[in-house]
Amino acid sequence: MALAYKSTRGKGNETVSASYAILQGLAEDGGLYVPTEFPKLDVPMESLKDMTYQEVAYEVMKLFLTDFTEEELKNCIVRAYDSKFDTEVIAPLVYADDAYYLELFHGKTIAFKDMALSILPYLLTTAARKNQVTNEIVILTATSGDTGKAALTGFADVEGTRIIVFYPKDGVSPVQEKQMVTQKGDNTFVVGIRGNFDDAQTGVKRMFGDEKLKADLNAAGFQFSSANSINIGRLVPQVVYYVYAYAHLAAEGRISIGEPINVTVPTGNFGNILAAFYAKQIGVPIDRLICASNRNQVLYDFFETGVYDRNRDFYVTSSPSMDILISSNLERLIYFIAGSDSEKTRDLMAALSSDGRYEITDEMRARLADFWGGYADEAATLGRIKDLYEKTGYVIDTHTAVASAVYQNYRAETGDDKPAVIASTASPFKFSRSVMTAIKGDVSGCEEFELVDQLTAISGVAEPAAVTEIRTAPVRHTTVCDKEDMEKTVRGWLGVN
Ligand SMILES: *Cc1c(COP(=O)(O)O)cnc(C)c1O
């Protein structure tokens with residue numbers, strides 16, 4: 001049976017195929033694509049527990065991407081989850097202090113974005129073929145740090161694609177900038193803009209909506225697509241690791257099959273935790289979904305009060321990938337708890353855009369019982385890194401620490417001690433300075449790579465290749481432009497005038 005997709009803001013009953021939704025990224029009405037129903041796992045956990053990551057990936061993704069053939073899907077999976085991950089199991093589980101850390105950072109850029117962005121290029125080029133698209137696909141991305149590098153790495157040298165990444169010239173960390181400007185691949189283009197992340201994002205969205213630009217590109221054999229987390233092609237691969245984690249715990253005898261577990265996810269754009277919710281919908285025995293925020297606690301407030309309100313101060317924290325006030329993927333959950341009511345979703349999203357806030361009904365709130373919101377401020381986050389290290393020797397990054405601290409609060413408040421999985425979203429080496437500050441105190445006198453060396457020494461973990469590479473990699477991208485000139489820069493690189 002083919003699974004159809006629908007826009008969360010769609011009028012009427014128009015549906016599209018999975019491959020079309022991937023190709024399109026965002027629906028034309030501004031909504032996000034969601035499956036019209038949830039498929040169910042059709043292989044028992046008894047079998048899944050003996051499968052490799054790649055095999056589980058196939059069993060999960062085939063349920064969602066029904067218009068891909070078995071051969072197409074397996075081909076994408078094999079090319080994505082290979083030796084570019086530094087461990088054969090792809091997503092290992094580490095037990096420390098009463099929880100299982102699901103390490104999602106063993107890909108090329110050492111953050112969890114690799115889990116989906118390793119496969120998205122293959123899904124997208126396959127989708128293009130299936131929809132008779134002959135244009136070259138141009139991925140246009142604005143980044144505040146992690147997504148840009150993971151997307152560049154995923155799309156570098158992938159035939160039939162080009163990728164352009166815009167980042168705020170003075171708004172990313174030195175390591176993040178170095179990772180991006182040293183990117184190899186003739187089809188990659190990295191541009192710093194004189195402006196902030198919002199300027200980059202606004203410029204990119206404007207180009208997506210520009211009909212003249214679209215026509216000129218088409219005439220030259222190009223079309224835009226998106227690699228950010230609103231693409232269903234990023235969400236579906238993220239469901240896989242929750243199924244795999246459960247199967248893996250069962251295989252190791254840590255849980256018995258059918259036993260419920262809780263999952264805690266450090267959350268920004270709400271993509272990762274939504275994938276856990278989807279895993280629950282397809283039949284994984286997940287009980288509570290614990291949504292962990294940093295000091296930008298807009299989601300915590302939403303779960304507490306039913307009001308989503310972005311009118312508040314924005315804080316820069318040590319977990320920058322969660323510094324976000326508009327969690328785009330929450331729209332998919334809103335649609336679900338509204339009983340698949342796209343008109344209601346449209347109204348709420350219109351309110352968000354005009355007033356910066358909306359309030360859900362009591363009926364909708366009642367459908368949120370699976371979720372528990374919490375947050376950790378800077379002191380709690382850094383304190384948790386130190387405590388866990390001193391207690392167990394295990395070193396976690398700042399984002400994972402937010403989740404770990406919130407999980408501890410959850411347990412203390414509810415007494416719920418079901419087996420717990422915590423999504424570990426970045427390697428501590430990506431945030432060496434914050435992590436070493438947490439463990440040692442003031443390290444402001446130390447250079448970045450001195451801190452990396454210290455981290456290697458105390459964690460007993462080898463320095464990841466992603467870090468070693470940027471110690472010596474030559475800079476390949478030096479373009480900087482004003483925010484008004486983003487389109488001109490894109491046209492120039494593509495040779496479209
Ligand atoms: C992107 C990111 C997050 C947030 O994930 P969402 O899917 O946006 O909620 C958390 N941690 C790290 C390290 C990230 O890069």
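Both ligands and their constituent atoms are indexed starting at 1 by order of listing.
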| task | Please confirm whether Phe431 and His399 have ring centers closer than 6.0 angstrom. | result | yes

| remark: heavy-atom search around atom 9 (O) of ligand 1 in the protein gives Gly268 N, 2.8 Å

| Are Phe277 and Phe336 near enough that their ring centres are under 6.0 Å apart? | yes

| said: Out of all atoms in ligand 1, which are within 4.0 Å of some heavy atom of Gly271? Include the element for each. | reply: 6 (P), 7 (O), 9 (O)

| Are the side chain of Asp309 and the backbone of Arg357 linked by a donor-acceptor contact shorter than 3.5 Å? | no

| query | Would you say ligand 1 has an N or O under 3.5 Å from any N or O of Asp397? | reply | no

| field | Numbering as shown, the atoms of ligand 1 that approach Pro266 to under 4.0 Å (heavy-atom distance) | value | 4 (C), 10 (C)

| field | Where ligand 1 meets Ala426 - atom numbers and elements under 4.0 angstrom, heavy-atom basis | value | 13 (C)

| ligand 1 N/O within reach of Phe270 N/O, cut-off under 3.5 Å | yes

| Pair Tyr33 + Tyr5: ring centers closer than 6.0 Å | no

| query | Can the ring centroids of Phe85 and Tyr81 be said to lie less than 6.0 angstrom from one another? | reply | yes

| field | Identity and distance of the protein heavy atom lying nearest atom 13 (C) of ligand 1 | value | Thr425 OG1, 3.4 Å

| request: Number the atoms of ligand 1 from 1 as they appear, then name those within less than 4.0 Å of a heavy atom of Asn272, with their elements. | output: 7 (O)

| request: Answer whether the closest heavy-atom distance between the side chains of Ile90 and His106 falls below 4.5 Å. | output: no

| query | Of Arg234, Lys108, Lys149, which is the lone residue that meets side-chain contact (heavy atoms from CB on, under 4.5 Å) with Leu117? | reply | Arg234

| task | Give the residue and atom name of whichever protein heavy atom lies nearest to atom 6 (P) of ligand 1, and the separation in Å to one decimal. | result | Asn269 N, 3.5 Å

| task | Considering heavy atoms of the protein only, find what lies nearest to atom 1 (C) of ligand 1 and give residue, atom and distance to 0.1 Å. | result | Lys113 NZ, 1.4 Å

| SB check Glu463 Arg471 (cutoff 4.0 Å) | yes

| Short list, please: which atoms of ligand 1 are under 4.0 Å from a heavy atom of Thr267? | 9 (O)

